[in-house]
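Input: a single structure, listed below in structure tokens.
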Amino acid sequence: IVNTDLGWCLLYAGHGGEAVDQFRKTLEIDPKYVSARWGLGASYAQQRAFKDAVAELKLAVTLSEGSPLISGHLGYVYGLGGLPADAKGSLAELNTLSARQYVPSTALALVYTGLGDKAQALEWLGRAVDEHDFSLVFLDVAPWFETLRAEPGYESLRRKMQLPDRSAVAR
């Protein structure tokens, strides 16, 4: 867990290459550790190594027995990697799954972000705020939401969450 958490911290800090190395080291210890597979896939995506990202995230989805959040991340990578049909397939799967179980709104926001649909991504993040979705603790550092941070709706989300002003945090 500690090795994986270090990988996530490196990824959130913008050190994607170091995160890849850390997740790989962790997977040498336990090749089936879901969070490390997920982190490695997310790190590959940030380095624009989409084929490797898809492979890792597919394995993480399988190992997690279909985690909606990891499935959303896979859909994000499909969209980012120029595979919109696959990304839309991920949306359809998440919507179907939501009829049977809870699907975090951040999972859908991820896919819409990958597809470049900022309005829908922000809409789903707004729903995530209403749900008190735990993933939102990483909103300001998760690289996958970077493209949304300049949007006016993003600041509305931050205010709704009562996060401190970003200029005060940067000091």
Side-chain angles (χ1 to χ4, degrees), residues 1-12 16 19-20 22-118 120-139 141-148:
I1 292 171
V2 173
N3 283 311
T4 301
D5 285 351
L6 176 57
W8 284 107
C9 288
L10 289 165
L11 179 60
Y12 292 142
V20 166
Q22 183 61 37
F23 287 123
R24 284 181 181 159
K25 286 178 193 173
T26 304
L27 290 166
E28 288 174 12
I29 298 167
D30 183 356
K32 293 183 179 182
Y33 193 59
V34 174
S35 185
R37 286 277 167 213
W38 180 12
L40 183 57
S43 299
Y44 281 144
Q46 292 316 117
Q47 294 188 318
R48 307 194 68 75
F50 299 120
K51 185 177 179 181
D52 292 332
V54 166
E56 290 298 331
L57 290 168
K58 280 183 173 180
L59 183 52
V61 168
T62 299
L63 291 170
S64 70
E65 298 179 4
S67 162
L69 198 51
I70 300 173
S71 295
H73 216 117
L74 177 59
Y76 162 77
V77 172
Y78 284 144
L80 204 63
L83 300 168
D86 291 330
K88 289 175 184 173
S90 292
L91 283 173
E93 288 174 18
L94 290 169
N95 282 315
T96 299
L97 185 61
S98 71
R100 295 189 316 268
Q101 72 180 59
Y102 172 69
V103 172
S105 290
T106 50
L108 292 137
L110 273 163
V111 182
Y112 282 114
T113 302
L115 286 167
D117 189 337
K118 294 177 183 180
Q120 279 295 310
L122 289 166
E123 171 71 26
W124 283 98
L125 286 174
R127 293 179 190 191
V129 172
D130 294 339
E131 295 169 3
H132 304 282
D133 185 333
F134 81 95
S135 299
L136 293 175
V137 299
F138 303 107
L139 184 67
V141 294
W144 34 93
F145 294 132
E146 185 174 340
T147 59
L148 303 176

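Sequential numbering from 1 along the given sequence is applied to the chain's residues.
- Interatomic distance, D133 CG to Y102 OH, rounded to the nearest 0.5 Å: 4.5 Å.
- Residues P31 and L63 share a closest heavy-atom pair of O-CD1, 4.3 Å.
- Proximity of a side-chain donor or acceptor of Q46 to a complementary backbone N or O of L11 within less than 3.5 Å is not detected.
- Ring pair Y76/W144 is perpendicular by interplanar angle, where above 60° counts as perpendicular and below 30° as parallel.
- Using a 4.5 Å heavy-atom threshold, the side chains of L83 and F50 count as separate.
- Salt-bridge formation is detected for the pair R127/E123: a Lys NZ or Arg NE/NH1/NH2 atom is positioned less than 4.0 Å from an Asp or Glu carboxylate oxygen.
- Classification of the W8-F23 ring pair by plane angle, with boundaries at 30° and 60°, yields perpendicular.
- Within 6.0 Å of atom CD in E65, 12 or fewer heavy atoms from other residues, nucleotides or ligands are found, so the atom counts as exposed in its surroundings.
- Not counting sequence neighbours, R48 has no partner by the side-chain hydrogen bond (donor to acceptor under 3.5 Å, both in side chains) test.
- Here H73 contributes atom NE2 and T106 contributes atom OG1; the two are 10.5 Å apart, rounded to the nearest 0.5 Å.
- The distance from atom CG of L125 to atom OG of S135, rounded to the nearest 0.5 Å, is 10.0 Å.
- Crowding of E146 atom CD: a count of heavy atoms from other residues, nucleotides or ligands under 6.0 Å not exceeding 12.
- Here side-chain hydrogen bond (donor to acceptor under 3.5 Å, both in side chains) pairs that include residues 78-96, with residues two or more places apart or in two chains, number zero.
- With sequence neighbours excluded, the residues that form a side-chain hydrogen bond (donor to acceptor under 3.5 Å, both in side chains) with N3 are Q22.
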